[in-house]
Amino acid sequence: MYGLGLLKGMYVVLRNFVESYYKPERLVTVQYPEERRPLPPRFRGFPFLIYDDDSGALRCVACQLCAKACPATCIELTMAKGEDGKPAKRPETYTLDLGLCMQCGLCVEACPFAALAMDHDFERAVIDQPEPLRLGIDQLRRPFSYLEQINPEAANALAPKPAKTAAGAEERPAKSSHGGREVTT
Amino acid sequence: MDEHMSANAPAHDPELLDTDLLELSIGPQHPSTHGVFRMVAKLDGENIAALEPVFGYLHRCHEKIGESLTYLQNMPMTDRLDYICGPANNIAYAIAAEKLAGIQPPERAEYIRVIMTELTRLVNHLLLVGFLTNDLGAFFTPVLYAFREREKILDIFEAITGGRMCTNYARIGGVARDFPEGITAEIRTLIDAFPRFLDEFELLLSENEILQNRCVGTGVLAAAAAVNAGISGPVLRASGVNYDIRKADGYSIYPRFDFRVPVGQTGDTYDRYLVRICEMRESLKILRQALAGLPDGPVQAKVPKLFKPPRGDAYGRIEGPKGELGFYLVSDGSTKPFRYKVRPPSLINLTLLEEMCVGHKIADAVIILGSIDIVLGEVDR
Amino acid sequence: MSMDNVWIAIKQAAVGAARDVLYPLLDPVLPAWITPERLMMFASAVISVVSILVIVPLVMMYLTWAERKVVGRMQNRFGPNRVGWFGLLQPIADAVKMLTKEDIVPARGDRFVHLMAPVLILVPTLLVYAVIPFGEGMIAADLDIGVLYFLALSSVTTLAVFMAGWASRNKYSFLGGMRAVAQMVSYEIPLVIAAVVVVMRVGSLSTVAIVEAQAGLFGWFVFQPWGLFAFLIFLAAMTAEANRSPFDLPEGESELVAGFHTEYSGMKFGMFYLAEYFSALAQCFLAATLFFGGWKGPLLPGWIWIFLKTFVLVFVLFLFRGTFPRVRVDQLMGFTWKFLLPLALTTVFVAGLTYYLPPVPGWIVGAVLLTGTFFVLMLPNRRVTLVRRACRLEN
Amino acid sequence: MNQWLFVLLALVIVSAAVLAVTLRNLIHSVLSLIVVFLGTAAVYVGLEAPFIAAVQVLIYVGAIAILLLFALMLVRAKMGQPTPHVTGSWWLGFILASALFVILAAAAFGIDRPAPPAADVPDVAALGTDLLRQWVMPFEAASLLLTAAMIGAIAVAIELRRQSRRSAP
């Protein structure tokens, strides 16, 4: 009949109108600044450098693997010089260009020393941009406890390395396949 | 005297009364061209006499960049092709690379890939049907109902892969990470609730007289013309051709699932709408079976870190939500592909836009374009 | 002094005050020909006009707010709730935005006609409220050609839409303007005939007489068969006349960007926006007066009844906007010339016929005749046999 | 209706009429013609004949003005650009117009009898009954004429459409 389909349409919209007042699953809008949806642990913000809570030392050994793995070449880092002139296994400068980074997470997968993880802060909008978009070491470093809080599953995968003992390598969870890319995050 | 109104022109001289064609350029900034896409239409009154699609505004040298990145670094780039179906692009690229190197992903990874592709199909069809009715003029109501469901699926994607649309989830030889705990339960609740939503959606739209008046008989695409133009996907099936790559190739583990392929009768816009609604129901069937049969085990085959496929080329394709999405990779033995070509379904489905639109009105051209379902990221690459 | 004519009492008090207080005060200044009677008449006219010009824009402003809230809820979202409590200050925010936006006139456009179009569209839609009876005796000008006055003025807006479309010298607005004129001209006829049906039964064009003729609850004309069909035709023609969905062709966003008011910005665009809502509200008022018995209704005072009825009709307009896709131009024309017009003519015939039959059989005969024509008329229009196409599933 | 109101309205109407004739932009001349129609409607209101005023607005401004605009659309005249000011045979037109003016002026001033007292203005109902009782024959003749005209228009349109359909691919 000619008008029936239109009436059905109106019935559906009316039902939605009425139900949106008492059925929670109809009204799904989250009032963003006041209410917030909990971010899933695997959410990929920008990467950050992990440092052990107690020793405060960065886990990064400046091996440049993450810089090579990044499709958008947004990571630059230089190795620090020790007191006796020999290269020390610490980054002296580590800059991440936020303008280029597309938050794909390949750097985290490429890092064998589990020194990188994906952050959860996405509210980077500022009215005036004092700090340039290139983050240095001090803006990138986060404690390991922060990682456990935002992404527990990745945290236990990147278990903190015990002191440099011979058995150091074994404490890490046995890799499922030798040399294969360890699924870390 | 005005030179047109020459005194001796006979009263009914047709030349005198025919109007010249009004050339109207629809786009690139236009609310209903689904991205930066331009249609130069020559109008005779309201009817379209000629229509020339103009695109290329979103060209980003995707394939040239692909030649300077390693196979793994290309993976996040494929998200940006058809930015609505992120996972499907990743998986298609992974399949092509595996065919090149002859790698067989483990069982669990195959099941996860099927689940992710079918969820992407739901996301894409929801978005399409919503925006098709929005082009028809239904002021955002169907779009917002469809988006309410789509958000649930995107939340699942975010929990699994970390990104809602740019997922970067597949890897050569499997998938990047295993499912987090509890996600299969979430997917199951989504699948159980989905048919009720689809019934309500069909109740709102399928028998709507105005929608039928507007869609039935507009933009008819004959089966022969579609096959000749290489059109694939729901647009082809709506014209009555029963060709679905999941059935034709039987790639990955699709032969294990029993599902049916909806095929339209006349190939007009209403058929394309109906085929997509039925495809959503079929995807639900596949998802239910895939979830039931999800085995345990590793999610990634052994692939060397410096992935160097042997010399040679390979063409891998999947039945993407928009049609046959194919990747052609030529390897010269190095870690970077020598040639990286994408076969985008949107671009090829766009070739017959003029034949479908000529003779109709502008309002029809807009919904015909909407029913073909193009995404400019994929068309321009 | 029941709640019913509280406003009339206030007005009489004000007019009395004008005579007793104002006249002796201004006597030395006033010229000779202004006698107290003339001053009173002038004062009562001013009060009526000012009350309409205050209440109607206020109702209109919160109509826009209500529309966004209601259509929002229909789409499972909140609607404006940021500006003020529950978004109540949203209309004010919109008004300020409209006022502060830059007012652009297209370079090669026709500056004068571009300026005159919004004026010509707003003035008639406001003048129209003089004829609407807001309550018992609460009518600005009880003309004995009330309905005709309403229809005459609402036909002037068609001209303004054309001027807007042409003066912007932009292909989209020109097409939108032409579509709007064709639509409004062809939908005016069923609108007039639907009003004529009621006028014919009442025997007078005056809106007050029409409301008086709808005594009692079942006295409303909408309970008569011809009244119901006349109302449905009036509703369809009203949505088309106000360019609202599903006939919002002139500003078909998906094709013509914004139709005839593409090139308008700032307060001129605001005027078009106001005019659209004013005319929709006015036509809902008229529909309430013609078919739902104006201020007649049990218990509540009259003027509350008419506002209630109008807001129910306005809610129906919101529902139309939330549900229906847009009709194409030729279907729009086909619908009015092949369906609405013949149906309207048969309704006039049936209304005339049942005038001479006693009430009950008249009602039955009317109902049978009209539903019969409704189905018969639908046959040629069902070019699309109702498609129950489910696509066949193959493996 | 007091004098000075009528004089004001007359001035408005005459000036609008002159503008309608002399304006070079066709659209502007149609708009000033509309001002003439509205002016006459105002005069009717002044003469306490609201029905005629409403009908004047409904018919002239609501329909005939739009008809004129449509006609302008169909004719291939360039609406935007100014058209030539005066056509070749303007003097013929001028003579006829002034002759008509003289006759009318003579007739108007010739009457020395005072204007007949304003008859009681028939209200709308009386107007309706007169139209369909005393003057039913002219009413039917007019409606017959209108239907004939409409059928003629449709015939022309169909014939043209068949032609354009045959010529177009």
Side-chain angles (χ1 to χ4, degrees), chain A residues 1-46 98-99 101-104 118-131 133 149-151, chain C residues 66-83 85-87 228-229 232-233 235-236 239 245-247 312 315-327 331 334-335 338-340 343 371 373-389:
Chain A
M1 216 276 290
Y2 201 57
L4 200 58
L6 303 176
L7 294 179
K8 281 188 207 161
M10 286 213 273
Y11 160 70
V12 167
V13 172
L14 259 183
R15 203 174 64 167
N16 270 301
F17 174 68
V18 171
E19 276 179 4
S20 70
Y21 279 101
Y22 64 91
K23 267 207 174 138
E25 44 102 2
R26 284 279 184 209
L27 201 60
V28 289
T29 332
V30 169
Q31 297 293 329
Y32 168 60
E34 292 84 17
E35 305 157 21
R36 283 169 185 273
R37 194 173 62 84
L39 282 180
R42 289 185 181 176
F43 177 77
R44 294 199 302 261
F46 288 106
L98 293 190
C101 175
M102 58 175 175
Q103 298 151 8
C104 62
M118 281 316 220
D119 202 345
H120 270 201
D121 81 336
F122 56 91
E123 283 135 337
R124 305 192 69 87
V126 287
I127 296 190
D128 54 352
Q129 183 63 280
E131 26 142 343
L133 274 177
Q149 171 221 334
I150 58 169
N151 190 348
Chain C
E67 161 146 43
R68 290 171 63 174
K69 275 293 220 194
V70 160
V71 175
R73 280 289 175 169
M74 285 178 191
Q75 297 168 348
N76 301 331
R77 55 186 172 81
F78 279 104
N81 58 2
R82 291 283 158 183
V83 188
W85 225 44
F86 289 110
L228 179 65
F229 276 85
L232 292 178
I233 296 164
L235 190 64
T239 27
S245 164
F247 304 104
V312 164
F315 180 79
V316 168
L317 285 186
F318 293 166
L319 190 59
F320 281 174
R321 177 146 186 231
T323 331
F324 292 144
R326 186 174 303 119
V327 182
Q331 289 156 357
F335 180 64
K338 290 189 219 153
F339 184 75
L340 274 189
L343 189 63
T371 31
T373 28
F374 181 82
F375 282 105
V376 163
L377 281 177
M378 249 201 322
L379 293 181
N381 283 301
R382 278 189 37 187
R383 194 171 41 76
V384 171
T385 52
L386 196 66
V387 176
R388 277 209 178 61
R389 238 192 257 158

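Proteins get letters first, then strands, A, B, ... in listed order; numbering begins at 1 in each.
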Exercise. About how many Å separate CE of C:Met378 and OG1 of C:Thr373, when rounded to the nearest 0.5 Å?
Worked result: 10.5 Å
For this session: Please confirm whether the backbone N or O of A:Met118 pairs with a side-chain atom of A:Arg44, one donor and one acceptor, at under 3.5 Å?
Result: no
Exercise. Okay, side chain of A:Asn16, backbone of C:Gln75: is any donor-acceptor separation there less than 3.5 Å?
Worked result: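 Looks like no, no N/O pair under 3.5 Å.
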Exercise. Which atoms of A:Glu19 come close to chain C, meaning under 4.5 Å heavy atom to heavy atom: side chain ones, backbone ones, both, or neither?
Worked result: neither
Problem set entry | A:Glu34 versus chain C, the contacting section by heavy-atom distance below 4.5 Å |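 The side chain, not the backbone.
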For this session: Under the ring pair (Phe, Tyr, Trp, His ring centres under 6.0 Å) rule, what do C:Phe374 and C:Phe339 come out as? Steps first, then yes or no, please.
Result: CA-CA 8 Å; C:Phe374 181 82; C:Phe339 184 75; 5.7 Å; yes
Does any heavy atom of chain A fall under 4.5 Å from the side chain of [X], the backbone, both, or neither of them?
| X | value |
| --- | --- |
| C:Val71 | neither |
| C:Phe318 | neither |
| C:Phe324 | side chain |

Exercise. Regarding C:Gln331 and C:Arg326, is there a side-chain donor-to-acceptor distance under 3.5 Å anywhere?
Worked result: no
Problem set entry | Ring geometry between A:Phe122 and A:Phe43 (parallel below 30°, tilted from 30 to 60°, perpendicular above 60°) |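 Geometry flag for A:Phe122 against A:Phe43: perpendicular rings.
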Problem set entry | Top contributor to chain C contacts, counting heavy-atom pairs under 4.5 Å, from A:Val12, A:Val18, A:Val28, A:Leu14 |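 Max contact count across the listed options: A:Leu14.
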Exercise. Based on non-hydrogen pairs under 4.5 Å, which of A:Lys23, A:Arg15, A:Gln31 is most in contact with chain C?
Worked result: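 Of A:Lys23, A:Arg15, A:Gln31, A:Gln31 has the most heavy-atom pairs under 4.5 Å with chain C.
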